[in-house]
Amino acid sequence: MKIFIDTANVEEIKEAASWGIVDGVTTNPTLISREGRDFKEVVKEICSIVDGPISAEAVSEDAAGMVKEAEELSKIHKNIVVKIPMTAEGLKATKECTGKGIKTNVTLIFSANQALLAAKAGATYVSPFVGRLDDIGESGMQLVEDIVEIFKNYGVLKTEIIVASIRHPMHVIDAGIIGAHISTVPFGVLGKMIKHPLTDKGINAFLEDWKKVPKK
Ligand code: G3P
């Protein structure tokens, strides 16, 4: 499974990239707003750190506006993927962007039907938001399972599933077991994926025992 990092913070991206585990980056307007920096400047810097798909979101509500933004964003770097919200206008924009060779990530997916329609419109990626569904007492992972199965049934190969709105390491394990293509993971969760108390305990025990080894 590919691992993307879900942040617009360049320090977090640099650190995670140095671990050798980052295949791409996803941002959204909320993540960008936290940085207090110019949108395009941040996106450009992210593209210089990670050589993989970098999602940047369009904020227009009409298809023409989304496509215009997509054209501008895709000029920043060859790796730009334009995030488009799952609406009828978003589907129109996705179809048009696909025709123009612009990669899209249809976002705010909360049902399998939305994922199916986005794939039919030509989306490069669909992003089901698992954490936000869990928050309202629905099953985010059931949604991922349904999308994976539907795409498998019809041999959908051109649209990859990005499991988004990940809140904890179990979401990543479940996404992998289900067979989603990608998990986009916040920096804090990546840190938790590294750690295990038995690893720490084992290191401490080895270091303590090493002190007992006679040194020449
Ligand atoms: O990037 C989209 C998604 O991952 C947002 O997550 O935690 O705001 O639901 P969250």
Side-chain angles (χ1 to χ4, degrees), residues 1-13 16-17 21-37 39-40 42-43 45-47 49-50 52-61 66 69-70 73 76 79-87 90 93-94 103-112 114-115 118-119 123-145 147-148 159-176 178 180-193:
M1 182 170 58
K2 284 174 269 188
I3 301 272
F4 289 4
I5 183 167
D6 193 29
T7 183
N9 183 284
V10 292
E11 295 313 316
E12 290 181 350
I13 295 168
I21 53 104
V22 176
D23 300 302
V25 181
T26 52
T27 68
N28 63 40
T30 304
L31 295 171
I32 293 283
S33 75
R34 286 187 196 145
E35 300 310 304
R37 297 177 56 192
F39 173 38
K40 284 184 182 164
V42 179
V43 170
E45 193 174 346
I46 294 172
C47 292
I49 304 166
V50 173
I54 312 294
S55 285
E57 192 153 340
V59 289
S60 297
E61 290 178 68
M66 289 177 201
E69 280 185 70
L73 287 168
I76 296 176
N79 288 342
I80 290 290
V81 174
V82 181
K83 252 181 153 176
I84 292 181
M86 177 57 214
T87 59
T94 300
K103 292 198 169 80
T104 55
N105 172 358
V106 178
T107 188
L108 291 163
I109 297 275
F110 293 100
S111 78
Q114 290 179 323
T124 320
Y125 303 97
V126 288
S127 288
F129 276 30
V130 295
R132 292 191 194 185
L133 277 172
D134 293 354
D135 288 345
I136 61 159
E138 292 186 27
S139 171
M141 279 304 155
Q142 184 58 55
L143 169 62
V144 176
E145 222 172 303
I147 300 170
V148 167
T159 305
E160 292 193 57
I161 301 162
I162 304 180
V163 178
S165 185
I166 279 180
R167 300 280 162 75
H168 49 72
M170 274 312 294
H171 274 151
V172 184
I173 292 174
D174 289 340
I178 292 166
H181 305 87
I182 302 149
S183 280
T184 189
V185 188
F187 184 74
V189 177
L190 286 175
K192 288 180 186 160
M193 288 165 67

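Just so you know, these numbers come straight off a predicted model, no measurement behind them. Every number for a ligand or one of its atoms is a count from 1 in the order of the listing.
Without hydrogens or angle criteria, Thr107 side chain to Lys83 main chain gives no donor-acceptor distance under 3.5 Å. Side-chain atoms of Thr124 come within 3.5 Å of backbone N or O of Thr104 as a donor-acceptor pair. No donor-acceptor distance shorter than 3.5 angstrom exists from the side chain of Ser55 to the backbone of Thr27, with no hydrogens or angles considered.
Here the straight-line distance linking atom CD of Glu145 with atom CD1 of Ile147 works out to 11.0 Å at 0.5 Å rounding. In this structure, CG in Asp23 is found 7.5 Å from CD1 in Ile3, a value given to the nearest 0.5 Å.
The Asn28 neighbourhood of ligand 1 comprises atoms 1 (O), 2 (C), 5 (C), with distances under 4.0 Å to a heavy atom of that residue. Listed by number with element, the atoms of ligand 1 under 4.0 angstrom from any heavy atom of Arg167 are 7 (O), 9 (O), 10 (P). When each atom of ligand 1 is checked for a heavy atom of Lys83 under 4.0 Å away, the hits are 1 (O), 2 (C). Those atoms of ligand 1 with a heavy atom of Ala164 less than 4.0 angstrom away are 4 (O). Residue contact check: Phe129 has heavy atoms under 4.0 Å from atoms 2 (C), 3 (C), 5 (C) of ligand 1.
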Stepwise side chain to side chain contact (heavy atoms under 4.5 Å, CB included) test for Val82 and Glu69: CA-CA 9 Å; Val82 181; Glu69 280 185 70; 5.9 Å; no
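Checked by distance only, ligand 1 and Arg132 come closer than 3.5 Å through their nitrogen or oxygen atoms. Considering backbone and side-chain atoms together, Thr184 places no N or O closer than 3.5 Å to any N or O of ligand 1.
In terms of protein heavy-atom proximity, atom 6 (O) of ligand 1 is closest to Ser165 CA, 3.3 Å. Atom 1 (O) of ligand 1 has Asp6 OD1, 2.9 Å as its closest protein atom, hydrogens excluded (heavy atom only).
At a 4.0 Å heavy-atom cut-off, ligand 1 does not touch Glu57 at all.
Atom CD of Gln142 has more than 12 heavy atoms from other residues, nucleotides or ligands within 6.0 Å.
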